[in-house]
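One structure is given here, and the rest of the page talks about it.
No experiment lies behind these values; they were computed from the predicted model shown.
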Amino acid sequence: MSWKRELQLRDIDYVERVEITCKMCGLFQPQDPQKLIDHFGLDMRLDEVEELIKCQKWGCGGDVRLTLPTENKLEGFQGGMP
């Protein structure tokens with residue numbers, strides 16, 4: 001089972017961005033989750049949203065891929081040397 005099938009729009013933190021990338025032309029658009037919620041509703045799963053959204057580039061209209069950005073946070077060393 002895909003993580004997109006398990007997550008709903010309500011599960012996304014409001015400070016995050018949803019990354020929308022066209023599979024055909026490669027157009028990249030970061031999207032505010034609140035705009036997606038306003039358009040699709042809270043109960044929509046990410047895989048359903050991915051199927052409904054089409055590329056906004058003029059003349060393309062291709063399918064898109066939704067991703068959530070991952071932050072590469074480096075954790076500090078927790079141990080120590082005597």
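- To the nearest 0.5 Å, the span separating SG on C55 from CD on Q29 amounts to 6.5 Å.
- Annotation for M44 and V49: closest pair CG-CG2, 3.4 Å, computed over non-hydrogen atoms.
- Under the 4.5 Å side-chain contact rule for hydrophobic residues, L52 and V18 share a cluster.
- E50 contributes atom CD, which lies 7.5 Å from atom CG of D47 (distance to the nearest 0.5 angstrom).
- Contact annotation: the side chain of E19 never approaches that of L66 to less than 4.5 Å [non-hydrogen atoms, C-beta and beyond].
- Q34 has its side chain within reach of I37: a pair of non-hydrogen atoms, C-beta onward, lies under 4.5 Å apart.
- The CG atom of L36 sits 10.5 Å away from atom CZ of R17, with the distance rounded to the nearest 0.5 Å.
- Residues T21 and L27 form no side-chain contact, since every pair of their non-hydrogen atoms from C-beta on lies 4.5 Å or further apart.
- The heavy-atom pair separating L42 from Q8 by the smallest distance is O-CB, 3.9 Å.
- Between I12 and P33, the shortest heavy-atom contact is CG2-CG, 3.8 Å.
- The CG atom of D11 sits 10.5 Å away from the CD atom of E16 when rounded to the nearest 0.5 Å.
- The shortest side-chain heavy-atom distance between L9 and L46 falls under the 4.5 Å cut-off.
- Around the NZ atom of K57, the shell of radius 6.0 Å holds no more than 12 heavy atoms that belong to other residues, nucleotides or ligands.
- Across I20 and Q31, no two heavy atoms sit closer than the pair CD1-CB, 3.7 Å.
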